[in-house]
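Any value given below was found using the heavy atoms of this structure, including those in side chains, with hydrogens, waters and symmetry copies removed. Position 1 is the first residue of the sequence; numbering continues from there.
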Amino acid sequence: ALPAAAERELRFRPPAEAPVRLFTEPELARYDGQQEGQPIYLAVKGVVFDVTSGKEFYGKGAPYNALVGKDSTRGVAKMSLDPADLTHDITGLTEEELKSLDDIFNNVYKAKYPIVGYTSRRILNEDGSPNLDFKPEDQPHFNIKDEF
C-alpha cells in the first residue's frame, strides 16, 4: 500500500485540464469588442465563449456586437438584439425558443468558438457557495490552449 501521505497526494491532485475560469459580470463586460486587440467574449447559458475569430460579427460596430461582454442567452434564444433580451434570464421563453437556443448553443457556439470559462451564475449558488452540480461543458472539437 502507498504511504498515507502519497495516497492523499494522489487523491487530491487537481485534474490536469485547465482550471475553470469564473467570470463576474464586470469582468465579462471588459471583453465587449470595443478595444482593438482585446479578445471578445460572449456568454450563452452561462458558458463564456471566445468569439474573437468572429470579429466581423461581434466586434465594434458589427451586427451582433450588442450580444458580447455579457450573458445574452435570452437574446440568442429569441434572435433578438433588444437590450431587454440581452440577459441570462430565460423565464417565459416558448418551447420553440428554448429548442432554438439549444441548437444555436450546440451547433454554432460550441462548434465554432472555444470555451474560456463560465459566468459566476453558472458556477455558484445564489449565496456564493460552489454549485456542486456544476459540470464543465465538453468541447470535443477544440484544443483549449492556455491563455498564458
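Applying the ring-ring contact (aromatic ring centres under 6.0 Å, His included) criterion to Phe134, with sequence neighbours excluded, gives Tyr118. Legend: residues meeting salt bridge (charged side-chain N to carboxylate O under 4.0 Å, His left out) with Asp85, ordered by chain and number and at least two apart, are Arg74, Lys78. For Ser129, the side-chain contact (heavy atoms from CB on, under 4.5 Å) partners are Asn125, Asp127, not counting sequence neighbours. A search for side-chain hydrogen bond (donor to acceptor under 3.5 Å, both in side chains) contacts involving Thr87 returns nothing, not counting sequence neighbours. Applying the salt bridge (charged side-chain N to carboxylate O under 4.0 Å, His left out) criterion to Glu25, with sequence neighbours excluded, gives Arg121. Contacts of Thr73 classified as side-chain hydrogen bond (donor to acceptor under 3.5 Å, both in side chains), with partners at least two apart in sequence or in another chain: Asp71. Looking at residues two or more places apart in sequence or on another chain, you find a salt bridge (charged side-chain N to carboxylate O under 4.0 Å, His left out) between Lys99 and Asp103. Remark: Gln38 pairs with no residue by the side-chain hydrogen bond (donor to acceptor under 3.5 Å, both in side chains) rule, at least two apart or across chains. Partners of Lys45 according to the salt bridge (charged side-chain N to carboxylate O under 4.0 Å, His left out) rule, which considers only residues two or more places apart in sequence or in another chain, are Asp102. For Ser53, the side-chain contact (heavy atoms from CB on, under 4.5 Å) partners at least two apart in sequence or on another chain are Tyr113. Legend: residues meeting side-chain hydrogen bond (donor to acceptor under 3.5 Å, both in side chains) with Asn65, ordered by chain and number and at least two apart, are Gln34.
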Verdict with supporting geometry, Lys110 and Asp138, side chain to side chain contact (heavy atoms under 4.5 Å, CB included): CA-CA 9 Å; Lys110 273 179 76 170; Asp138 57 319; 3.4 Å; yes
The test is side chain to side chain donor-acceptor pair (under 3.5 Å); show your working for Asp89 and Thr91 and say whether it passes. CA-CA 6 Å; Asp89 188 2; Thr91 325; 2.3 Å; yes
How far apart are the C-alpha atoms of Asn131 and Leu124, what are their side-chain angles, what is the distance that settles it, and do they pass the side chain to side chain contact (heavy atoms under 4.5 Å, CB included) test? CA-CA 5 Å; Asn131 170 5; Leu124 305 176; 5.8 Å; no
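Nearest approach of Asp50 to Pro39, heavy atoms of both residues: OD2-CB, 4.3 Å. Across every non-hydrogen atom of Asp32 and Val68, the tightest pair is O-CG2, 3.3 Å. The two residues Glu137 and Val47 come nearest to each other via the heavy atoms CG-CG2, 3.7 Å. Pairing each heavy atom of Leu22 with each of Ser120, the nearest pair is CD2-CB, 3.6 Å. Across all non-hydrogen atoms, the minimal contact from Lys70 to Ala66 is NZ-O, 2.7 Å. When all heavy atoms of Ser100 and Ala77 are compared, the pair lying nearest together is OG-O, 3.8 Å.
Annotation: side chain of Met79 is in contact with side chain of Ile104 (closest heavy-atom distance under 4.5 Å). Side-chain contact check for Tyr109 versus Leu42: some heavy-atom pair is nearer than 4.5 Å. Under the 4.5 Å side-chain criterion, counting only non-hydrogen atoms from C-beta, Leu28 is in contact with Thr119.
Of the inter-residue distances, the one linking Leu101 atom CG with Glu96 atom CD reads 12.5 Å to the nearest 0.5 angstrom. Note that OG of Ser72 is 8.5 Å distant from CG of Leu81, once rounded to the nearest 0.5 Å. Separating the CD1 atom in Ile123 from the CG atom in Leu132 is a distance of 12.5 Å, to the nearest 0.5 Å.
For Phe105 and Phe49, the distance between ring centers is under 6.0 angstrom.
Using cut-offs of 30° and 60° on the angle between ring planes, the pair Tyr31 and Phe23 is perpendicular.
A donor-acceptor pair under 3.5 Å links the side-chain atoms of Thr52 to the main chain of Ile40, judged by distance alone. Judged by distance alone, with hydrogens and angles left aside, the side-chain atoms of Lys112 form no donor-acceptor pair with the main-chain N or O of Val51 at under 3.5 Å.
Sorted pairs that involve residues 51-69 and meet salt bridge (charged side-chain N to carboxylate O under 4.0 Å, His left out), not counting sequence neighbours, are lacking altogether.
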